[in-house]
Amino acid sequence: MKIKALNGFKDIVPGEVELWQKVEETARDIFARFNFNEIRMPILEKTELFARSIGEATDIVEKEMYTFVDKQITMRPEATASLLRAYIQHGLHVQKPIQRLFTIGPMFRHERPQKGRLRQFHQMDVEVLGTPNPRVDAELMAMGAMLLEELGITVSLEMNSLGCPVCRPGFREALLDFIEDRKESLCEDCARRSRTNPLRVLDCKNPTCREQVEEAPSIQEHLCEECGEHFQAVQDGLQQLNVQYSLNKFMVRGLDYYSRTTFEFITRDLGAQAAVGAGGRYDGLVEKLGGPKVPGIGFAMGLERIVLLLQQQEEKAEESDRIDIFVAGLGEKASEFAFPLAHTLRRTGLLTAMDHEGRSLKSQMKQANKAHARYVLIIGENELEQGAAVLRNMETQEQQEIAVSDSLSSDLLEILSPAQKS
RNA sequence: GUGGGUGUAGCUCAGUUGGUGGUAGCACCUGGUUGUGGCCCAGGAGGUCGUGGGUUCAAGUCCCAUCACUCACCCCA
């Protein structure tokens, strides 16, 4: 019986992994430009960490987590909680009043897989801890937009404010009143949501619900003075940075910890999975997890979704399997000589390949061609006797005799020096 | 957790009213060139037809079950 990967788990094989590398490299570059530092956390955490941060009543915690029940340990379903745990544990707030951190890695949620949604998926996650400054909100969104733009992905940025513990209860009341009035015309899901998480009614996809909800009270009009000013300042910042965005009063988030600014980078090209990236502010969360009273904001982007978009755009990453030299030994004696020679070449930093199967020269040339080798070093019995080998430039088809002995000739190294790579 | 679609070679797929699994494409190997790549030509290898049952003289094909994949709902990155 064949063993296959688990449902919702995927291998990233050669040919596909290049695109991932490109995305990760671009992300690291952008994050560095914005003065972010990398942090890496373990994948397993105490279950309690996620229950307390994401929220006991959320779908993620209620039914989507991979948990070792007997040990009360869970594979992280998102990065923010782990990152904050590490931040608190290591007293990073003492080392620097404002921390700008990012991490890239796998997350786990036991959902039914579909397009753009897997059980093990990968996120890049960015967090700024220690400042409530609305400029940082704008800066983060600008960074996300810059990253996607640099990758050649077109998205729209939508944002909203969810208010704070001062003003949200008032809005909640107003919304519940509104829902109560239209109870009859809302869908079953919304009836349930109105009890568990009324804000979610706002982003129901059911067309009739949408119509009804058009007239719902807007959180943006229920913000307290401070939240209102903050919201305005974020928008001013976005305009200063020339970031295109639109306000979406219906956008709410599925995690409990968000406050004030929330935003999503949205695409129309991934079917049901519209969000390529999303995040927001969580000013009370660090304290809730037992840390200092510091505000924070962050966002996560889904690597799978970005890669899917790039694949759809056929923006294939450049072939990165070009090698410097293929060492072709003809016959057992020559191969025996070539074996350590290839090793020496690798020591000097050259991308070197050779065949161990004793195949014909023709076959080895084919292999070299497929590997996009710049040069082939042909070592036959004849050459061996004279301490020489033939070096063929695969592009120009020029060949020259080159002296090889136990130590490599300087000629060879000069020709092959990595600096010469075009 | 709920619905729909699809399962044939490593990949993309043909397969007629049930009658021996495909000169199919890509990829792979060998040869055409006794020691020289790409193009071309010839040959080769590669399959429990997702799995288990049933109908039948005979099942890739019809029936039932099951599993997997996939899309959508829910939810989310």
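On a predicted model such as this, the values are computed, not experimentally measured, just so you know. Per chain, numbering begins at 1; letters A, B, ... match sequence-line order.
Taking atom C1' on both nucleotides, B:G46 is separated from B:U30 by 15 Å, rounded to a whole Å.
One atom, CD of A:E383, and another, P of B:U36, lie 12 Å apart when rounded to the nearest Å. We find that CG of A:N369 is positioned 5 Å from C1' of B:G38, with the value rounded to whole Å. Distance, A:E357 CD to B:U30 P: 10 Å, rounded to whole Å. Between the CZ atom of A:R359 and the P atom of B:G37 there is a distance of 16 Å, rounded to whole Å. For the pair A:E401 CD and B:U36 P, the computed distance is 16 Å after rounding to whole Å.
Put simply, the side chain of A:Q397 and the base of B:U36 share no donor and acceptor less than 3.5 Å apart.
At least one side-chain nitrogen or oxygen of A:S363 sits closer than 4.0 Å to the OP1 or OP2 atom of B:U30. Phosphate proximity of B:C69 to A:N7: present, with a side-chain N or O under 4.0 Å from OP1 or OP2.
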**Fill in**
Intra- and inter-strand pairing of RNA chain B, written as dot-bracket with Watson-Crick and G-U pairs under 3.5 Å and | for the latter, reads (((((((..((((.....[..).))).(((((.......))))).....(((((..]....))))))))))))....

**Request:** Heavy atoms under 4.0 Å is the rule here; annotate nucleotides 71-77 of chain B 5' to 3' with B where the base is hit, S where only the sugar-phosphate is, and - elsewhere.
**Result:** SBBBBBB

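Between the A:E25 side chain and the A:V23 main chain, no donor and acceptor come within less than 3.5 Å of each other.
Ion pairing between a basic and an acidic side chain is recognised when a charged N comes within 4.0 Å of a carboxylate O; A:E38 and A:R40 show such pairing.
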